Each structure stands twice: as C-alpha cells, then as structure tokens.
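Note on naming: letters A, B, ... go to the chains in the order of the sequence lines (proteins, then strands), and numbering restarts at 1 for each one. Small disclaimer: the values here were computed from a predicted structure and weren't measured.
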There are 2 protein chains.
Amino acid sequence: MVIMNGDDEGDVDLRSMAVRLRRMTAEFNRIAHEFANEQRLHTTDVQTLIMIFDAPSPITPGKLREELNLTSGAVTACLDRLERAGHIRRVRDAHDRRVVHLHYREAAQELAGAFFRPLARSTDSVLRRFGPDELRAVATFLDAMNEELGMLRSAPGPA
Amino acid sequence: MVIMNGDDEGDVDLRSMAVRLRRMTAEFNRIAHEFANEQRLHTTDVQTLIMIFDAPSPITPGKLREELNLTSGAVTACLDRLERAGHIRRVRDAHDRRVVHLHYREAAQELAGAFFRPLARSTDSVLRRFGPDELRAVATFLDAMNEELGMLRSAPGPA
DNA sequence: ATTAAAATACTCAATGATTGAGTTAATGTA
DNA sequence: TACATTAACTCAATCATTGAGTATTTTAAT
C-alpha cells in the first residue's frame, strides 16, 4: 500500500498527523509567549496561570513542579512573581500544614479573559463547522492523546 | 438547551474543547522540556530543532524569530549553541547574501528520532482506534485550528 | 514516646539564556 | 549616488532558572 502524505485525498497517516499536532503546539506556544510579552509576564508565569485556572481543584506547587518540569526553586520564584503581581493567593492546607493550595484572584481572571478570548473565538469558529458526530470524534481523540501523553511521564530516569 | 460539561453523553461544548486543547499543549511542552533536560539542551533549542525539522524547505533565523517570538539576539545565540553542538549548519543564500538558511545534520536526526519515537508510538496507538472518517475529521479539525491560530499573529501592536 | 525517614515548600548564590540597543553588510529605491 | 530597508549578528545588563541545602510537618518504625 502506498503511503500518501497529502491532505487532499489519501489516508491520514501517522506522520502528517504528528506534524499537525506539533504545529498546533507551536502555534499555542507562540500565542502564549506573545501574550506574556504584552503583559510583562514570563512564559512560565502564563503556563502556571493556565494550570491554576484549568485545575478542577486548587493545585499545589509540587504538582506544578511536576507538570511544568521545573525545579522547586523555580516554582517558588514563579509563584512569588504571580503573588506579588496580585494574580494568585497561597493558602496553607489546614490538615497537612506542609501543603500550599493556589487560588487565583480577580486580577488573574481578567488577565485570563484577555488571553482566552481570542483563542476561544478561533476555536469556536472552527467548532461551528463540524457536526456533533465529528466533534465527538475530535473530543475522543484529544482525550485519548492526553491520556496517552500523560503516561509518558519520565518512566525511566530518577526523580 | 442545557449546556453539559461532561464527556459522557452531552454535547461537546467550546469550554471543554478548549481545556482539552490546552491540556494537550501542556503535555507536549512537558515532554519537550523533559527531553531537553535529558539531552542537556534548552527548551528553546528543542523547539527550534522541531521547527527546522518540520519546515518544508530550509527555514531562516528571521522566520524562527517570528515563529518562536524571540529577539534576534536570542535566535542567534540559540543557533550558535545548536551549531556548536553539531546539530545544524548555517548556509548563506547565494542570491540574497543577507539571508541564512538552516539545515540539520545527522546528529540532529538521531536526536529527533529519540524525541519523536515515543511520541509517535503514543500517537500511533491512538490513531489505530479510529476509522478513516473519524481520522479525516480530526485532521480537518487540526488543519482548521492551525490556520485559525496562524491568523492570530499579533494583529495589533508594533513589530 | 522517641527516633528516623519522607515529603513539601522555601532560601540563596551561581549560572547563563534572553533582552534591548546597537552594528555590519547586503539589497532595493529615488 | 545617497537613502531607506532588511537580515543577521554583537555585547553588556538583566533576571529566570538551577542546584544544593534548610525549615517544617507528617508518617513509620522501634
């Protein structure tokens, strides 16, 4: 069977899909970096804010360290910057007093709005073109990718 | 109509889709950062290498500056590191001698292999679960997103 | 109870990538 | 020929990140 690389008619092969995915990641990163520059923030700070926002329940510095692949010192410095700028709040856990929970403030909500709005518009404009079945396929694909990628957490190598 | 947020039965809404996309970007970034650490490279270097690899024709430092949202000084430094490490080659354009074209060397190919292999395995394992129609839907979605995100290039603001 | 080990977040000096402002060289234009 | 533009580069200053170590709290063992 001949492997076709194009988007036009042929099968969707692994390589073309991987390039698409990498391209999208690059686009997202570029936008995040652009936004960070505008807001006098750092890319790390923006990534951290997004993590804090998207987390279903208040996240901890340790989890952030793991998710962003930073040292604990870098996380502390990043949280210091965000706290100093009034974007987040540190809250000590009452039961386990070693743990800190991170909450965002209104200032950060506005910031997040400014960041997400254009993205949401783009995403919405794309989603509108698809039917429910196709959307479900895309959602299932993304969920599967996220689960699969989540399993690639430095299986080898020490902590 | 009631907006449902879950993955189980309800419609796929904008919010849930946006979160999925952000999550995937975060996973990719984490993996790239992890790989960079292992290889004693920087995240920027890895991103640059990926751009050089995925570009259909040899890319220039100027294009990189634009894509990665860096200053030209940072790009030069990054390319210096990659060239010193034997990953890339700078080639002056014969016709416009201001322009430099970037080519990768074999060393970089091996590096890219080490980086992409696990990702490819994950992607492949996911793609295998979908039929041709669904795959086409996903591919179309990604293409549309990439085009739409590509249009979000700092429309306002000076260069 | 007491001690040791593990876990969480933090501190701080050193490193080094990135910025910001310029320079150099090549090309296009009046 | 002079002027403006473009592409890449240089370099001192800045500041995020690392790496090693500290402080505090919790868990497990004796």
Heavy atoms of B:Glu34 and A:Leu152 approach each other most closely as OE1-O, 3.6 Å

From CZ of A:Arg92 across to P of D:dT26 the rounded distance in Å is 10 Å

note: B:Leu82, atom CG; D:dA8, atom P; distance rounded to Å ~ 16 Å

Whether A:Arg90 contacts C:dC10 is assessed here as follows: a side-chain N or O lying under 4.0 Å from the phosphate OP1 or OP2. Is that the case? yes

A:Leu79 CG to C:dT11 C1', in whole Å, measures 14 Å

A correct 5'-to-3' footprint of nucleotides 16-25 of chain D, with B, S and - meaning base, sugar-phosphate only and no protein heavy atom under 4.0 Å, is SBB------B

B:Asp80 CG to C:dT19 P, in whole Å, measures 15 Å

Hits for salt bridge (charged side-chain N to carboxylate O under 4.0 Å, His left out) against B:Glu148, two or more places apart or cross-chain, chain-then-number order -> A:Arg129

note: A:Arg65, atom CZ; C:dC10, atom P; distance rounded to Å ~ 13 Å

B:Phe115 meets the ring pair (Phe, Tyr, Trp, His ring centres under 6.0 Å) criterion, sequence neighbours left out, with B:Phe35

Rounded to whole Å, CG of A:Leu41 lies from P of C:dT18 at a distance of 18 Å

With sequence neighbours left out, the residues meeting salt bridge (charged side-chain N to carboxylate O under 4.0 Å, His left out) with B:Asp93 are none

Rounded to whole Å, the CD-C1' distance (B:Glu66 to D:dA8) equals 15 Å

With sequence neighbours left out, the residues meeting salt bridge (charged side-chain N to carboxylate O under 4.0 Å, His left out) with B:Glu83 are B:Arg90

Here the salt bridge (charged side-chain N to carboxylate O under 4.0 Å, His left out) pairs for residues 114-125 of chain B, sequence neighbours left out, are B:Asp124-B:Arg128

Rounded to whole Å, the NZ-C1' distance (B:Lys63 to D:dA8) equals 17 Å

